[in-house]
Amino acid sequence: MDILRLFLGSILVIGVSGTPPNVNQPRSFFVFGDSLVDNGNNNFLVTYARADMPPYGIDTPSHRPSGRFSNGLNIPDIISEHLGSEPVLPYLSPDMTNEKLLNGANFASAGIGILNDTGVQFASVLRMSVQLAYFREYQERISGLIGASQAKELVNKALVLVSVGGNDFVNNYYLTPFSARRRQFALPNYVTLLISEYRKIMMTLYESGVRRAILLGSGPLGCAPAEIALHSSNGQCATELQAAADLFEPQLVKLVQEVNAQLGDHVFIAANTKLMHHNIITDPQAFGFENSNTACCGQGPFNGVGLCTPWSSLCENRDKFVFWDAFHPTERASRYIVEQMINGADEYMKPMNISTIMYLDSNM
């Protein structure tokens, strides 16, 4: 084992066993991706992919929907708590004033994927190319506020979260039995295409100044109540969707390793969200949950049909459910996922967890 790996290993132990006192230093935070991390951009778009009606947001202080696909906070919000800063605003929000810009921005948009043809059924959404264009616009705005040099430093020192890939399966390849992409590619070849396109996104982020980015995996695609409702009669995870996740997740890890080696630094971190979900889905009672295959809010089998609406069936105790709606975790499940991202071992976060990132960066 070389000295660098030995050093990183010792730092990883620090990340797992406890966060050093100087880790939680506020830093800018940027979010890209889909509905798992969208905190309201789609509220400002003409789109069917929206979370702007009750009971979304029921467990927030205001008890009102904000555009988050959750009963409360979502993954970026909870990460912000650990960063010691307030949640970043959606970039399209009119409240995104000069002062708020310094905190970072959320560019995510529900329904999008790695590929531009993913989510076309939702009408107007911010595809990844648009999100990256807005990021360039953001940097121009911030340069005008604090100068080009400080703006570059702000982005270099920021933490970035990217959640993309799941929709390329559920809202593209597997959307219909005879989807265009399914006719065009066998599943392994489709995953190869996704990984190739993801590499381009990663390099664009790097060229834009990003130096620490966490990439969420596809998650437990077949275990979402929507997919169980479509493909399973006994409540078990849909095998075909799980097979897709089993192909995608390790290739994302390999991609991260290759790109980091090319760049000569640990710029990208792969978060195995499929594995993170595994424990609470397969043994929910061990983690204080009671149900892991039925959505808290929805309709139809397993509450997995359509979005959560005021007319949906709604569970009484959201903390007992892993899934809030047909695809998205409850706030409590999101907190469990973020805990793995903060302090999780190598099997969850490669090559390091967030505590380690913060420790290393605070000592630079």
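Scope of the values below: all heavy atoms of this structure, side chains included, with no hydrogens, waters or symmetry mates.
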Give me the ring orientation class for His277 and Phe323: parallel if the planes are under 30° apart, tilted from 30 to 60°, perpendicular past 60°. parallel
Closest non-hydrogen atom pair between Ala238 and His231, with its separation: CB-CB, 3.6 Å
Working for side-chain contact (heavy atoms from CB on, under 4.5 Å), residues Ile269 and Met352: CA-CA 7 Å; Ile269 294 89; Met352 66 184 81; 4.2 Å; yes
Check whether NZ of the Lys or CZ of the Arg Arg211 lies under 6.0 Å from the centre of the six-membered ring of Tyr206 and within 45 degrees of that ring's axis. yes
Side-chain (Thr273) to main-chain (Gly219) donor-acceptor, under 3.5 angstrom: yes
May I ask you to check whether Gln184 and Arg181 show a side-chain donor-acceptor distance below 3.5 Å? yes
Any donor-acceptor N or O pair under 3.5 Å, side chains Asp117, Asn172: yes
Is it true that the side chains of Asp34 and Ser163 contain a donor and an acceptor less than 3.5 Å apart? yes
Checking Ser232 against Asn234: is there a side-chain donor and acceptor pair closer than 3.5 Å? yes
When you check the side-chain N and O atoms of Asn303 and Thr294, is any donor under 3.5 Å from an acceptor? no
Considering only heavy atoms from C-beta outward, does the side chain of Leu102 approach that of Ile146 to under 4.5 Å? yes
Looking only at the side chains, is there a donor atom on one of Thr118 and Asn171 sitting less than 3.5 Å from an acceptor on the other? no
Should Phe69 and Leu36 be marked as a side-chain contact (heavy atoms from CB on, under 4.5 Å) after you check the CA-CA gap, both sets of side-chain angles, and the distance that decides it? CA-CA 7 Å; Phe69 288 76; Leu36 282 172; over 6 Å; no
Phe287 ring center within less than 6.0 Å of Tyr336 ring center: yes
Is a side-chain N or O of Glu249 found less than 3.5 angstrom from the main chain of Ser218, in a donor-acceptor match? yes
Using modelled atom types only, decide if a donor and an acceptor are shared between the side chain of Ser179 and the backbone of Leu175 within a distance under 3.5 Å. no
Taking the side chain as every heavy atom from C-beta outward, state whether Phe32 and Leu205 have any pair of such atoms under 4.5 Å apart. yes
Below 4.5 Å, heavy atoms only, C-beta onward: do Lys157 and Lys152 meet side chain to side chain? no
Could you tell me whether the side chain of Asn71 and the main chain of Glu331 form a donor-acceptor pair under 3.5 Å? yes
Decide whether Leu92 and Leu161 are clustered together by the hydrophobic rule: side chain heavy atoms of Ile, Leu, Val, Met, Phe, Trp, Tyr closer than 4.5 Å, transitively. no
Does the side chain of Ser70 come under 3.5 Å of the side chain of Arg68 through a donor N or O and an acceptor N or O? no
Donor + acceptor pair across side chains of Asn353, Asn343 (<3.5 Å): no
With side chains defined as the heavy atoms from C-beta onward, is the minimum distance between Tyr198 and Val164 less than 4.5 Å? yes
With distance as the sole criterion, is a donor-acceptor pair present between the side chains of Tyr91 and Glu137 under 3.5 Å? yes
Would you find a donor on one side and an acceptor on the other, under 3.5 Å apart, between the side chain of Asn167 and the backbone of Ile112? yes
Among Val160, Ile75, Leu159, which residue satisfies the side chain to side chain contact (heavy atoms under 4.5 Å, CB included) criterion with Ile214? Leu159
Suppose we call two aromatic rings close when their centres sit under 6.0 Å apart. Are Tyr173 and Phe185 close by that rule? no
Main chain of Leu307, side chain of Asp325: is a donor-acceptor contact present, judged purely on distance under 3.5 Å? no
Using a 3.5 Å distance criterion without hydrogens, assess whether the side chain of Asn291 forms a donor-acceptor pair with backbone atoms of Asn293. yes
Intermediate values then yes/no, side-chain contact (heavy atoms from CB on, under 4.5 Å), Phe29 and Ser85: CA-CA 9 Å; Phe29 185 34; Ser85 59; 5.6 Å; no
Proximity of Phe107 and Phe135 rings by center, below 6.0 Å: yes
So Pro65 and Pro54, do their side chains get closer than 4.5 Å, heavy atoms only? yes
Between Tyr174 and Arg182, is there a cation-pi geometry (under 6.0 Å to ring centre, at most 45° from the normal)? no
4.5 Å side-chain heavy-atom contact, Thr309 and Gln299: yes
